[in-house]
Structures are given as structure tokens and as C-alpha cells.
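Contents: one structure, followed by commentary.
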There are 2 protein chains.
Amino acid sequence: MTKKEQEIVEQFIEQKGMEYQAEGLPRIAGRLMGLLLIEEGPFAFGELAERLQVSRGSISTNTRLLENLGVIERVSKPGKRGDFFQQSSEPYLSLLAGINLRLNRALANAKQARDGLSKSRKKVQSRLARLETFYQGFIENNKRLIQSLES
Amino acid sequence: MTKKEQEIVEQFIEQKGMEYQAEGLPRIAGRLMGLLLIEEGPFAFGELAERLQVSRGSISTNTRLLENLGVIERVSKPGKRGDFFQQSSEPYLSLLAGINLRLNRALANAKQARDGLSKSRKKVQSRLARLETFYQGFIENNKRLIQSLES
DNA sequence: TATATTGTTTAGTCTTGACTAAACAATATA
DNA sequence: TATATTGTTTAGTCAAGACTAAACAATATA
């Protein structure tokens, strides 16, 4: 790997770290995703810690987090003792499913509120209805994207 | 407003607070959005502080934040001195525009990385290409949603 | 069995940023 | 002009959680 390529890889990893942080996730989780994206895997547990210069505890916590999100998976290698990690086969499907889960919760909250409030509050009723329309549209779009990624 | 309705309103406001917090935004910002959604506005600056039981400093900071996001707007009332706030007319368009801004940045990062890395890294090249496809699909969906909300 | 390796958990530190109270600046009103 | 009102800014507190080091448990290997 050329020096220039190394720089690009490092930069990408850090960018992913910042992207994740902006989404309210740990920076290390983003770095992990970046690394698993941009370099040939799978990576051994210890490799990850050394490569990203973070503690093994952080690797343990954040690999678990990403596993739960469904975007990475823990695999084994014949003859090897430790765990290895790689991007899951369909990380974006899991991501979209997670987003839709949260959207559906928010949608349910809006519905519940609209339901419980007097129909005579025209302004509020219509605002809540518009909020629901927004959520529904977003959810539908995600479903469509899921379908197109599946094919 | 009945007691039951009051409860629903309070619950909705708190739910919005938690939703915003999950997105990495201040809880108070979410509470503000919830309040402006579910009760007739516009609200005076001081009213907001009292109603949500938070300091005026927090109102100042978070109304500015939400104004910058384009989801609320500051308005005046004839004969009144202070500022008033209400949901902007098209909060979801602003929201979607903001999301697409971030997605486009992430997309650009992925492209830049793929560009700079050797074409011979087949695995990595294709992973980055898939990432780009995902971002592009998401962005297109949002644009479509924007259009449908505009009409 | 003893030792090494590996991942998780725990205890504690440190940073970030949400939040408040109070000072402040600007403007309105008396 | 003096006083009151209003929103912003500043200084400081506090809490959440990201992160680490080390203890630990489990398993493999010698």
C-alpha cells in the first residue's frame, strides 16, 4: 500500500468516526466500521485494538454494539482461537430496519396523541396528521430502498 | 383542556424530548418542538421557559438551534414587545434537506476514498461502491419525499 | 496441573456538552 | 433620564457516557 493510500485509509476511518459521533454513536464504533469497510478483513479482536490504538475493553463494547445493530458479524477461522470481525453481508438492510423501528415508535406516539386530543383542536390535529404523513412517507421510502438493495 | 388531555400533551412533549436526544440533539430542543407541535402557538419567549420549567438561557440556545435547523420560526405580534415562536410552515422539508446535506458529505467521502485506492482492491472497491449506492438511494428517496410533501 | 491467551466486566478517570444563574446589552416605557 | 423588560452571553456546575486499565472468567495449550 502506498503512502498516499495509507493516508486515504486513515482519513476515511476518522471520517466515519465523526459521522457516527454526529449520529450520537461512539466515535470508536464509527472507526471500527470504517476500518472493516476499507480494509480486507476479517480482523482479529486484538488486531482491532492495536490498529485503532484503543483498549480491548472499547473493542469489546463497540463490537457488541455494532453486532446488535447488525452491521458487523463475529466469525471464526479454522485453527484460530480468537474471534474475528467483518462487515455483515447486508449492513445497510440492518441499518434501515433499525431506522424504521425508531420511526414507527415515533409514529405511534403521534397517533396516540392525536387520538387522545379533542377533534375540535383543528390546528393541532392537522399538525399531528402532517407529522404522521411525514413519518409514513419516510418509512415507505426506507422499505422501498430495502427492497431495491435486496434484489 | 381535560386532565386526560393534559397528560397526553405532557407525555408527547417528553417523548419528543427523548426522540431528539436519541438523535444526538438536546432534550430541551425536542421538548420545544413537541410543545410547539401539540399546543396552539405562537408562544412568547418567557412562556416557553415557564411552561417547560427551564432557564431562559436554555430557551435562547435551543430556539436558535431549531431556527437554524429551519423547523421553528421567530415571529412578532403587533403591540407586543417580545419574540414569539411557532413551528415553521414546512418543518419537514428543512429536516429532510439537512439530512441530505449530511448524506451528501458522507457520499463524497466514500467517493474520494474509492477514487484514491487502487482498482485492484476488488473487495474494498465493491464495498465502497455499495456504500455509495446506499447513500444515493437514500438521498433520492428523500428528494422524492420532499417533492411529495411540497405538492 | 500450571501457564498463556482471549474476551468481558468492573471501577474509575476524563471529556463533552447540557443546563442554570447571573451579568450584560439593547430597547421600550414611564 | 431612570426604570423595566427582554433576549443573549458568560461563567460555572453537573451528569452522562466514552474510554482505559486492571481484575476476572473461561478456555486452550504446554
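Note that the coordinates shown come from a computational prediction; the quantities given were computed from them, not determined experimentally. Throughout, a chain's letter reflects where its sequence line sits, starting with A, and its residues are numbered from 1. Values below: every heavy atom of this structure, side chains too, minus hydrogens, waters and symmetry copies.
- Here the side chain of A:E5 pairs a donor or acceptor atom with the backbone of B:S118 at under 3.5 angstrom.
- Between the CZ atom of A:R31 and the P atom of D:dA18 there is a distance of 13 Å, rounded to whole Å.
- Heavy atoms of A:I59 sit nowhere under 4.0 angstrom from any nucleic acid atom.
- A donor-acceptor distance shorter than 3.5 angstrom exists from the side chain of A:T133 to the backbone of A:A129, with no hydrogens or angles considered.
- In this structure, A:L52 places its CG atom 11 Å from P of D:dC19, rounding to the nearest Å.
- Side chain of B:Q125 to main chain of B:R114: a donor-acceptor pair is present (N/O by atom type, distance under 3.5 Å, no hydrogens or angles).
- Nearest-nucleotide positions on DNA chain C for A:S58 and A:R81 put A:R81 closer to the 5' end.
- Nearer the 5' end of DNA chain D, as judged by each residue's closest nucleotide, is the contact made by B:T63, out of B:T63 and B:Q21.
- Across the strands present, C:dT15 finds its partner in D:dA16; the criterion is a Watson-Crick or G-U wobble pair with both atom distances under 3.5 angstrom.
- When both distances must be under 3.5 Å, the Watson-Crick or G-U wobble mate of D:dC24 is C:dG7.
- Counting only heavy atoms from C-beta outward, the side chains of A:L128 and A:V124 approach each other to under 4.5 Å.
- When DNA chain C is scanned in the 5' to 3' direction for atoms under 4.0 Å from non-hydrogen atoms of chain B, the outermost contacting nucleotides are C:dA18 to C:dA28.
- Under the 4.0 Å criterion applied to side-chain N and carboxylate O atoms, A:K122 and B:E40 are not assigned as salt-bridge partners.
- Residue B:G82 is in sugar-phosphate contact alone, with no base atom involved, counting any heavy-atom pair closer than 4.0 Å across all strands shown.
- Remark: the backbone N or O of B:L37 is paired with a side-chain donor or acceptor of A:R127 at under 3.5 angstrom.
- Nearest-nucleotide positions on DNA chain C for B:N62 and B:R56 put B:N62 closer to the 5' end.
- Using Watson-Crick or G-U wobble geometry with both donor-acceptor distances under 3.5 Å, C:dA30 finds its partner in D:dT1.
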